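Worksheet: the structure to be examined is printed underneath.
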Amino acid sequence: MDDRGGGGSFVAVRRISQGLDRGSACHSTSVEVVAGSAAWLGRGLSCVCAQRRDSDARPSFDLTAAQEECLQRLQNRIDIAYDSSVPEHQEALRALWHVAFPGEELRGLISEQWKEMGWQGKDPSTDFRGGGFISLENLLYFARNFPKSFQDLLRKKEGDRALWEYPFAVAGVNITFMLIQMLDLEAVKPRTLVGATFLKFLTENESAFDLLYCIAFKLMDHQWLAMHASYMDFNTVMKATRRQLERELLQEDVARL
């Protein structure tokens with residue numbers, strides 16, 4: 001991907017309604033959408049995640065046949081770019097809308113409505129460059145398997161929130177990209193202990209990447225609240241999230257998370 005697009009746009013969401021009823025429809029959140037530019041979203045994803053420290057430099061790890069097979073299947077998913085002309089991709093995007101905003105009719109795959117979910121503009125397909133189709137799959141997995149947590153994050157229902165909040169959907173794409181970089185999933189073999197440890201989980205559960213995504217999203221929001229962050233702090237929050245995930249993986253204690 002091209003990391004040089006310093007003019008990449010973002011959408012910051014200013015919270016107007018506070019203390020929403022947990023039983024209310026999620027689209028009832030009152031928000032003000034403001035356009036701007038920053039390096040931490042859209043085309044600038046790698047400034048958040050594509051970092052390698054000297055301590056990460058390790059020899060590649062040999063894989064078992066089962067690990068190679070599981071890694072290859074996951075890499076095949078990662079290699080699929082989002083394509084708005086593919087019916088399967090269109091249906092997945094519609095499905096995401098329906099699980100996010102049940103009962104609210106979607107007027108089109110290109111619509112101002114998408115900003116309610118935290119996409120940068122009216123066409124979500126432009127935000128998938130960094131994460132590809134798997135980032136949409138991750139969001140769908142989260143919404144379908146952990147609906148309460150998904151809705152709580154989408155609607156920013158927990159904690160003392162900042163006036164200017166991170167855009168939910170685009171943050172989700174950032175998290176997918178961060179995990180791919182952190183786990184070194186585009187390499188033939190893992191070159192970090194974190195990546196090698198993750199493959200143990202992947203061979204035990206082929207949904208391990210999607211599950212780790214859900215954990216990472218919740219952890220990122222927890223860090224956001226603990227740091228009293230606003231949207232300009234997103235880089236810092238993502239780095240802190242990555243460090244904690246790495247620690248937990250190296251302890252092989254993801255189940256506790």
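Sequential numbering from 1 along the given sequence is applied to the chain's residues. What you are looking at is a predicted structure, and each value in this text was computed from that prediction instead of being measured.
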Self-check item: Stepwise side-chain contact (heavy atoms from CB on, under 4.5 Å) test for Leu179 and Ile175
Solution: CA-CA 6 Å; Leu179 290 176; Ile175 291 168; 4.3 Å; yes
[Y] and [X], any side-chain heavy atoms less than 4.5 Å apart:
| X | Y | value |
| --- | --- | --- |
| Lys218 | Leu153 | yes |
| Asp184 | Pro190 | no |
| Gln72 | Glu69 | no |

Quiz item: So Leu249 and Met182, side-chain contact (heavy atoms from CB on, under 4.5 Å) or not? Walk me through it.
Solution: CA-CA 11 Å; Leu249 278 167; Met182 183 187 86; 3.6 Å; yes
How long is the span from the [atom1] atom in [X] to the [atom2] atom in [Y], to the nearest 0.5 Å?
| X | Y | atom1 | atom2 | result |
| --- | --- | --- | --- | --- |
| Leu71 | Ile78 | CG | CD1 | 8.0 Å |
| Lys189 | Glu68 | NZ | CD | 7.0 Å |
| Leu136 | Ser125 | CG | OG | 11.0 Å |
| Asn138 | Phe133 | CG | CZ | 10.5 Å |
| Ile110 | Asp123 | CD1 | CG | 4.0 Å |
| Ile215 | Glu248 | CD1 | CD | 9.0 Å |

Is [X] reaching over with its side chain to a backbone N or O of [Y], donor-acceptor style, under 3.5 angstrom?
| X | Y | value |
| --- | --- | --- |
| Ser149 | Phe146 | no |
| Gln244 | Thr241 | no |
| Trp114 | Leu109 | yes |
| Ser230 | Met232 | no |
| Gln151 | Ala100 | yes |
| Thr197 | Leu193 | yes |
| Gln113 | Glu104 | no |
| Asn174 | Val170 | yes |
| Glu165 | Lys156 | no |

Salt-bridge criterion met for [X] and [Y] (N-O under 4.0 Å):
| X | Y | result |
| --- | --- | --- |
| Glu246 | Arg243 | no |
| Lys239 | Asp233 | no |
| Asp210 | Arg77 | yes |
| Glu204 | Lys200 | no |

Practice problem: I would like to know whether Thr126 and Trp119 meet side-chain contact (heavy atoms from CB on, under 4.5 Å); could you show each step before the answer? | Solution: CA-CA 9 Å; Thr126 62; Trp119 297 103; over 6 Å; no
Practice problem: Search all heavy atoms of Ala240 against all heavy atoms of Met227 and return the closest pair with its distance. | Solution: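 Shortest heavy-atom separation between Ala240 and Met227 comes out as CB-SD, 4.3 Å.
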Practice problem: Indicate whether the side chain of Asp127 and that of Tyr82 have a donor and an acceptor atom separated by less than 3.5 Å. | Solution: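 Absent: no donor and acceptor within the cut-off.
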Self-check item: Polar side chain donor-acceptor pair, Gln75 to Asp79, under 3.5 angstrom
Solution: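 Per modelled atom types, Gln75 and Asp79 side chains form no pair under 3.5 Å.
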Quiz item: Under 30°, 30 to 60°, or over 60°: which ring-plane class applies to Trp97 and Phe101, parallel, tilted or perpendicular?
Solution: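 Trp97 and Phe101: tilted rings.
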Exercise. Tell me, yes or no, whether the heavy-atom count around Asp160 atom CG, taken from other residues, nucleotides or ligands under 6.0 Å, exceeds 12.
Key: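 No, the 6.0 Å shell around CG holds no more than 12 heavy atoms from other groups.
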Quiz item: Hey, would you say the Phe150 and Phe168 ring centroids sit under 6.0 Å apart?
Solution: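 Yes.
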Practice problem: Mind running side-chain contact (heavy atoms from CB on, under 4.5 Å) on Tyr141 and Tyr213 for me, showing each step along the way? | Solution: CA-CA 9 Å; Tyr141 183 92; Tyr213 172 88; over 6 Å; no
